[in-house]
Colleague: 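Sharing a structure below in structure tokens format, with a few things to ask.
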There are 2 protein chains.
Amino acid sequence: MREYISLATVAARAGVSVSTVSRIVNGEMRRASPATVARVLDAIEAVGYRPNPVGRALQRGQSQLVAMIAANLDNPAMATIASSTEAALREAGYVMVLCDTHDRPELQDEYLYAMRAQMVCGYVLVAAVPSRGLSELSASGAPTVFVSRRNPVGNGPFVGIDDCAAGAAVADYFANLGRRVPAVVFPRLGSSASRDRVSGFLAKLRERGWSDKAIIQADGEGRSHLQVGYNAGARIFGGSDTPDSILCVSDQIAYGVNRRALERGLKIPGDCDIVSIDGTPLNQWVAPWLKSIEIPYAVYGAEIVAGLQLIWRGESFGERLLPYKFG
Amino acid sequence: MREYISLATVAARAGVSVSTVSRIVNGEMRRASPATVARVLDAIEAVGYRPNPVGRALQRGQSQLVAMIAANLDNPAMATIASSTEAALREAGYVMVLCDTHDRPELQDEYLYAMRAQMVCGYVLVAAVPSRGLSELSASGAPTVFVSRRNPVGNGPFVGIDDCAAGAAVADYFANLGRRVPAVVFPRLGSSASRDRVSGFLAKLRERGWSDKAIIQADGEGRSHLQVGYNAGARIFGGSDTPDSILCVSDQIAYGVNRRALERGLKIPGDCDIVSIDGTPLNQWVAPWLKSIEIPYAVYGAEIVAGLQLIWRGESFGERLLPYKFG
DNA sequence: CTGAAAGCGCTTACAG
DNA sequence: CTGAAAGCGCTTACAG
């Protein structure tokens with residue numbers, strides 16, 4: 001496993017210099033005579049040569065590695081983003097390195113530095129948290145795409161949905177259905193995405209005549225959104241008013257809320273409608289009671305890679321808000 | 001982003017040669033005078049030097065990258081394996097590259113070749129499928145750990161559970177409960193793991209007095225185990241005998257079977273008990289009706305990395321069967 | 001105890 | 001149209 005077929009092998013076989021082989025490997029066909037090109041191509045074929053990305057990376061000061069730094073792979077939404085990004089990168093000839101920060105800034109920084117050392121050619125930050133390293137990355141101008149959560153320490157290319165509009169759509173849905181006691185559940189330490197979903201929801205309800213105090217708001221704590229929902233559920237179903245409609249800013253929060261609702265003997269749907277924002281395919285199988293705004297995570301990968309390619313070409317890429325499906 | 005602090009920078013600052021700095025960076029402290037060591041350490045600190053893994057990889061013929069080649073990241077069990085492996089590798093100073101083969105042999109091969117070119121120092125194959133490239137890898141003796149499914153084209157280090165025993169445990173459980181019409185649901189194109197679970201289940205039932213025809217066996221097709229279960233469910237609940245107990249070889253199959261059961265108006269549990277082998281944490285939240293053999297996926301990562309480290313040290317590592325929890 | 005030198009596989013001005 | 005040479009950052013015999 002320690003023998004690699006190098007340019008030199010091919011060059012020797014074709015009777016030319018490594019420079020010539022290198023150029024041809026890199027597609028500069030016109031700079032060599034057709035006869036030479038043919039001979040080199042034959043030699044490549046014959047010995048089964050494949051360019052060594054490590055040598056190339058060292059020389060170019062940049063590898064074909066793209067770092068995906070995600071907050072939590074156990075979250076199915078992030079797993080789907082990772083999976084679709086991986087597929088899109090492979091198709092474009094890149095290799096994805098996966099880093100799971102568990103939402104911890106120190107780990108995020110550790111990875112950011114390690115990836116820089118690996119000379120990665122790009123960064124995909126899914127639900128990034130503020131950190132020193134992120135600020136440095138931001139300032140360095142390295143090719144970076146933020147996903148789901150916007151850059152928490154500046155701005156930069158973003159792939160996601162219009163979170164405000166999504167929240168508002170749920171508000172309209174509840175209002176049109178004639179619901180009177182709406183609630184919203186979100187994580188205590190929310191991202192820009194959570195916040196926008198909540199504020200879009202609240203703004204639209206106000207617009208449609210609700211007073212702020214008529215809307216139940218519950219944040220929850222926990223290391224997973226399941227816990228967040230379960231914890232917030234305790235307060236939501238324990239107050240004087242029981243909501244007849246609940247927006248959960250993620251599927252997993254809805255699962256947690258639902259479990260609490262079941263424990264309290266509530267019928268869902270029926271006593272109370274729950275809508276979440278995520279719409280993971282799993283819902284249809286294990287949570288038919290749940291209505292969702294469907295975020296097209298499976299196409300995130302393609303958009304992220306398209307964004308990176310624009311940036312590599314020096315073109316600008318501000319943000320890409322993908323359409324979601326509801327109902 | 002194109003400036004990297006190199007050994008040369010440190011050497012210049014410390015007034016020594018790069019060789020000396022290199023040795024010290026690599027922990028060969030005793031080969032330099034204490035004064036030199038101190039000076040070099042200071043310089044490293046002062047300029048914030050970090051070894052460049054690319055240069056190192058090229059020289060050593062081996063990177064610090066470990067390839068994780070998994071069949072399907074959308075499966076929560078694999079996502080958990082990926083996540084725990086990633087954490088364990090990071091702790092050990094390695095970086096994980098993630099490849100999702102979607103269970104396709106050509107893609108698996110593409111990745112295997114690409115990873116070889118990246119000079120990865122190890123392979124983690126989760127649910128590998130037979131392929132040309134896998135045979136080559138197998139023959140090459142490269143450090144490899146197979147996870148969940150054993151090497152389908154030979155043998156090699158394995159991390160998983162005793163699938164046969166797990167299947168048998170479920171058979172005992174059903175028998176002790178007094179169930180009369182057991183069934184088992186598995187994917188048509190099964191892995192060694194599926195097969196072992198099924199055969200362990202069947203063998204134990206036979207031992208306890210069932211005849212083969214008294215056990216309902218249903219395989220299912222589909223691109224996901226959810227589909228597999230749903231499809232097999234149609235046949236299971238459509239026959240002359242309705243089972244009173246079902247073993248599903250994975251959680252997702254159980255979700256699919258359950259959905260079909262609900263459509264047929266069956267009560268679960270009650271009319272029929274379902275037990276699955278996986279025991280993903282999500283079950284407690286979205287499938288309280290499901291009893292499971294719990295596979296400790298969260299500790300797979302540590303075992304996998306421990307296995308790789310044994311192999312790297314030249315020690316042998318046959319297989320590691322982890323204990324599962326049931327009930 | 002320390003350094004000069006070669007080389008890992010590659011790319012890229014530069015000279016011819 | 002082609003090649004010799006330098007260099008990306010590192011490690012490692014080898015010589016002193």
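This is a predicted model, so every value here is computed, not measured. Letters A, B, ... mirror the listed sequences (proteins, then strands); counts begin at 1.
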Colleague: Considering residues, nucleotides and ligands other than A:N155, do more than 12 of their heavy atoms fall under 6.0 Å from its CG?
Modeller: no
Colleague: Under 4.0 angstrom, heavy atoms only, what part of the nucleic acid is B:V16 near: base, sugar-phosphate, or nothing?
Modeller: sugar-phosphate
Colleague: Among D:dT11, D:dA4, C:dG9, which is the nearest nucleotide to the side chain of B:N26?
Modeller: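 Within the option list, the nearest is D:dT11.
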Colleague: Could you work out which one of C:dT2, D:dT2, C:dC10 sits closest to the side chain of B:T36?
Modeller: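 The closest nucleotide is C:dT2.
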Colleague: When we call it a touch if two heavy atoms are under 4.0 Å apart, what does B:P51 touch: a base, just sugar-phosphate, or nothing?
Modeller: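 Answer is sugar-phosphate: B:P51 comes under 4.0 Å of backbone atoms only.
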Colleague: So does B:R50 reach the base of D:dG9 with its side chain, donor to acceptor, closer than 3.5 Å?
Modeller: no
Colleague: From CD of A:Q64 over to C1' of C:dT11, roughly how many Å is that when rounded to an integer?
Modeller: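 So the CD-C1' distance, A:Q64 to C:dT11, works out to 14 Å.
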Colleague: If you pin B:R23 and A:R23 to their nearest nucleotides in DNA chain C, which one's is more 5'?
Modeller: B:R23
Colleague: Heavy atoms under 4.0 Å, any strand shown: does A:S19 hit a base, just sugar-phosphate, or nothing?
Modeller: base
Colleague: Any chance CG of A:N26 has more than 12 other-residue heavy atoms, nucleotides or ligands included, within less than 6.0 Å?
Modeller: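 Counting other residues, nucleotides and ligands, CG of A:N26 exceeds 12 neighbours.
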Colleague: To the nearest angstrom, how far is B:E28 atom CD from C:dG3 atom P?
Modeller: 15 Å
Colleague: Considering just the side-chain nitrogens and oxygens of A:S33, establish if one lies under 4.0 Å of OP1 or OP2 belonging to D:dC1.
Modeller: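 So the side chain of A:S33 is outside the cut-off, no N or O lying under 4.0 Å from OP1 or OP2 of D:dC1.
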Colleague: Between C:dT2, D:dC10, D:dG3, which nucleotide gets closest to the side-chain atoms of B:R56?
Modeller: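 Taking heavy atoms from C-beta onward, the closest nucleotide is D:dC10.
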Colleague: Taking CD1 from B:I24 and P from C:dT2, how many angstroms apart are they, rounded to a whole number?
Modeller: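 Distance check: B:I24 CD1 to C:dT2 P gives 8 Å.
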Colleague: Need to verify one output field. Residue with the more 5' nearest nucleotide on DNA chain D, B:L58 or A:A32?
Modeller: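 Counting from the 5' end, the first nearest nucleotide belongs to A:A32.
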Colleague: Figure out the CE/P separation between A:M29 and D:dC1, and round it to whole Å.
Modeller: 14 Å
Colleague: Figure out the CZ/C1' separation between A:R39 and D:dC1, and round it to whole Å.
Modeller: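 Rounded to the whole Å, the gap is 12 Å.
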Colleague: Can you tell me whether the side chain of A:Q59 and the base of C:dG9 have a donor-acceptor pair closer than 3.5 Å?
Modeller: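 In this structure, the two groups form no donor-acceptor pair.
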Colleague: From C-beta outward on B:S6, which listed nucleotide comes closest to its side chain: D:dG9, D:dG3, C:dG9?
Modeller: D:dG9
Colleague: For A:M119 and D:dG9, give me the distance from atom CE to atom C1', rounded to whole Å.
Modeller: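 So the two atoms are 7 Å apart, to the nearest Å.
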Colleague: Assess whether side chain to side chain donor-acceptor pair (under 3.5 Å) is satisfied between B:D74 and B:S224, documenting all intermediate values.
Modeller: CA-CA 9 Å; B:D74 279 339; B:S224 78; over 6 Å; no
Colleague: At under 4.0 Å between heavy atoms, what does B:V54 touch on the DNA or RNA strands: base, sugar-phosphate, or nothing?
Modeller: nothing
Colleague: Counting heavy atoms not belonging to A:E315, are there more than 12 under 6.0 Å from its CD?
Modeller: yes
Colleague: We want to know whether A:S17 and A:T20 form a side-chain donor-acceptor pair, criterion being a heavy-atom distance below 3.5 angstrom.
Modeller: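 Note: A:S17 and A:T20 side chains meet the donor-acceptor criterion.
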Colleague: Give one of base, sugar-phosphate or nothing for B:S22, where a contact means two heavy atoms less than 4.0 Å apart.
Modeller: base
Colleague: Are the charged groups of A:E86 and A:R90 less than 4.0 angstrom apart, N to O?
Modeller: no
Colleague: Roughly, in whole Å, what's the span from CD in B:Q62 to P in C:dG9?
Modeller: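 From B:Q62 CD to C:dG9 P: 14 Å.
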Colleague: Send over the distance from A:L7 CG to C:dT12 C1', rounded to a whole Å.
Modeller: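 Interatomic distance, CG of A:L7 to C1' of C:dT12: 13 Å.
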Colleague: DNA chain C: B:G55 or B:V18, which has the more 5' nearest nucleotide?
Modeller: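 Looking at the nearest nucleotide for each, B:V18 comes out on the 5' side.
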Colleague: Does the structure show a Watson-Crick or G-U wobble partner for D:dG16, both distances under 3.5 Å? Name it, or say none.
Modeller: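 Pair assignment: D:dG16 / C:dC1.
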Colleague: State which of C:dT11, D:dC1, D:dT11 makes the closest approach to the side chain of A:R60.
Modeller: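 Nearest to the side-chain atoms of A:R60, counting from C-beta on, is C:dT11.
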